[in-house]
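First the structure, in the form of structure tokens, and then the observations on it.
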Protein chains: 2
Amino acid sequence: MSKKKIVVDLSTEEKIIDAARKVFTKKGYAATRTRDIAEEADINLALLNYYFRSKEKLFHIIMVERLDKFFGVIQPVISDENTSLEQKMEKITEKYIDLLLANHDLSIFVLSEIRNAPDTFFNLAHHRQAFIESVLIKQLQERKPDTNPHHILLNLLGMIIFPFLSAALFKSSTHEQQDFESLMLERKKLIPKWVKMML
Amino acid sequence: MSKKKIVVDLSTEEKIIDAARKVFTKKGYAATRTRDIAEEADINLALLNYYFRSKEKLFHIIMVERLDKFFGVIQPVISDENTSLEQKMEKITEKYIDLLLANHDLSIFVLSEIRNAPDTFFNLAHHRQAFIESVLIKQLQERKPDTNPHHILLNLLGMIIFPFLSAALFKSSTHEQQDFESLMLERKKLIPKWVKMML
DNA sequence: GTCTATATTCCGATAGAC
DNA sequence: GTCTATCGGAATATAGAC
């Protein structure tokens, strides 16, 4: 109920942002109509352009925000000088699965929207850079000098993220929704074990 | 040169299908304009509707074809009664990586187009069924009766497919294109080793 | 700031000549 | 079967009153 009050009290600008995040994330840029967003925000269509000028500008705001969320969970972990490789694996798995359980379609959104956008449209470069120069990569190189550190990173992220990307494929009924969630909770404990075996 | 001759000799219908596959796969249904397809096929826009009635019908054809390709590689492998678990892991890895190297954006296309489509629009059900009732799942259950077989399957597919899904994120310049390909070739040998450790 | 009404552009689809 | 021309609808964006 206090929750509802908060929602009602949102400024128009915030209502539009919230609605845009929801609709864009679910349907993607091209399939989203500004009318969908206006309806979801419960505001007049003209207000969307009054506040954000264009669909593209509004999308850009949402996309940058989503990218920050997608990369933000692991960024502090991978650049931590004071934790071991093993601790990093555990942290990344736990944080990431929690994030994706709370934001089911975040990863499919990020990955599918990036494919057309020109390289520079969002500033992806600095996210990428953070990975390449991370402490995590250095630690992997020290531990296994003979194998490309990206292999382990791809394995870790693949095991974490792929289930969410493919969920639409493998679960049909909503009844299986619960099964999916408990499976992911199991994976929080299992994935670090599997990855450690690769080191 | 004989290749070029073949292209020139394609029927109009085939030219449209080829162009539709290319454009839909790259941009997705919503972002694709029928004009893009016509231009890519080097034919008149009206011909597209003459042969296929509508954008949606044409897309349906492409989508079913892409789904068959995406699932077709592993379907015979997972239902083979005469191969061991280990042999199946090796086959799946090899066939899948080869497929994805030849069709870089196949997986991101399939996964992102499915999210909005109603469950029944393409017949996904039988692909799903083939997985659930596969020999592979049975073998996993026998080998590790205490753990959900889907874990291992998600790990295998995640390690194989995720690199292709995230490629746009991690490689910026086209120069890194070659690095990516050789990394994937390495993974053909490494992934089966990692997965076997989980058994 | 918010609304109604409308301008404008874009896109899927078709009519009709050849 | 293939083309040109165009229709009709949908979607983004704006004008102008309140």
Side-chain angles (χ1 to χ4, degrees), chain A residues 5-65 109 112-113 115-118 121-122, chain B residues 5-65 109 112-113 115-118 121-122:
Chain A
K5 186 126 192 224
I6 291 171
V7 172
V8 170
D9 288 351
L10 283 179
S11 73
T12 301
E13 196 171 336
E14 287 168 323
K15 285 202 292 184
I16 296 173
I17 286 278
D18 287 348
R21 181 185 308 112
K22 183 171 176 181
V23 180
F24 276 140
T25 303
K26 186 175 176 210
K27 312 214 294 183
Y29 177 78
T32 294
R33 302 174 309 146
T34 52
R35 281 170 164 81
D36 298 335
I37 298 174
E39 193 179 347
E40 176 71 35
D42 200 32
I43 52 107
N44 189 279
L45 173 59
L47 285 177
L48 192 148
N49 288 77
Y50 174 77
Y51 280 100
F52 298 98
R53 297 287 300 171
S54 75
K55 176 187 176 184
E56 193 178 0
K57 284 190 170 58
L58 177 56
F59 177 73
H60 191 273
I61 292 170
I62 299 297
M63 187 65 181
V64 169
E65 181 205 275
F109 170 76
S112 59
E113 293 304 316
R115 61 175 161 160
N116 282 324
F121 187 56
F122 325 104
Chain B
K5 185 126 192 221
I6 290 171
V7 172
V8 171
D9 288 351
L10 285 178
S11 72
T12 302
E13 196 171 337
E14 287 168 323
K15 284 201 292 183
I16 296 173
I17 287 277
D18 287 347
R21 183 186 307 112
K22 181 171 177 182
V23 180
F24 277 139
T25 303
K26 185 174 177 208
K27 313 216 290 184
Y29 177 79
T32 293
R33 301 174 309 145
T34 51
R35 285 170 164 80
D36 298 335
I37 298 173
E39 193 179 346
E40 176 69 35
D42 199 31
I43 53 108
N44 191 277
L45 173 59
L47 283 177
L48 191 149
N49 288 314
Y50 173 78
Y51 280 100
F52 298 98
R53 297 286 301 169
S54 73
K55 177 188 177 184
E56 192 177 359
K57 284 191 169 58
L58 177 55
F59 177 73
H60 191 274
I61 293 171
I62 299 297
M63 186 66 179
V64 168
E65 182 205 274
F109 170 76
S112 58
E113 292 304 316
R115 62 174 161 161
N116 284 323
F121 188 55
F122 325 104

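Values in this document were obtained by computation on a predicted structure and should not be read as measured data. Below, read A as the first sequence line, B as the second, and so on, with proteins coming before strands; counting in each chain starts at 1.
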**Request:** Would you mind classifying the nucleic acid contact of A/R53 as base, sugar-phosphate or nothing, using non-hydrogen atoms under 4.0 angstrom?
**Result:** sugar-phosphate
**Request:** Calculate the interatomic distance between A/F52 atom CZ and C/dT2 atom P; express it in whole Å.
**Result:** 12 Å
**Prompt:** Under 6.0 Å from the six-membered ring centre of A/F24 and within 45° of its axis: does the NZ or CZ of A/K55 meet both?
**Reply:** no
**Prompt:** Nearest to the side chain of B/Y50 - D/dT2, D/dA13, C/dC3?
**Reply:** D/dT2
**Residues A/D36 and A/R33 bridged, charged N to O under 4.0 Å** = yes
**Item:** A/A46 side-chain proximity, nearest of D/dT2, C/dC11, D/dT14
**Value:** D/dT14
**Asked** Could you state the CG-C1' distance from B/L48 to C/dA15, rounded to the nearest angstrom?
**Response** 17 Å
**Item:** Among C/dA13, C/dT2, D/dT2, the nucleotide that comes nearest once only the side chain of A/L47 is considered
**Value:** C/dT2
**Request:** Would you mind classifying the nucleic acid contact of B/Y51 as base, sugar-phosphate or nothing, using non-hydrogen atoms under 4.0 angstrom?
**Result:** sugar-phosphate
**Gap between atoms CD1 and P, on A/I43 and C/dC3 respectively (whole Å)** = 8 Å
**Request:** Round to the nearest Å and state the distance from B/N49 atom CG to D/dT2 atom P.
**Result:** 14 Å
**Integer-rounded Å distance: C/dA15 C1' and B/N44 CG** = 13 Å
**Request:** Would you classify B/L45 as touching base, sugar-phosphate or nothing, given that sugar-phosphate means primed atoms plus P, OP1 and OP2, and contacts are heavy atoms under 4.0 Å?
**Result:** base
**Message:** Any side-chain N or O of B/R33 below 4.0 angstrom from OP1/OP2 of C/dC11?
**Reply:** yes
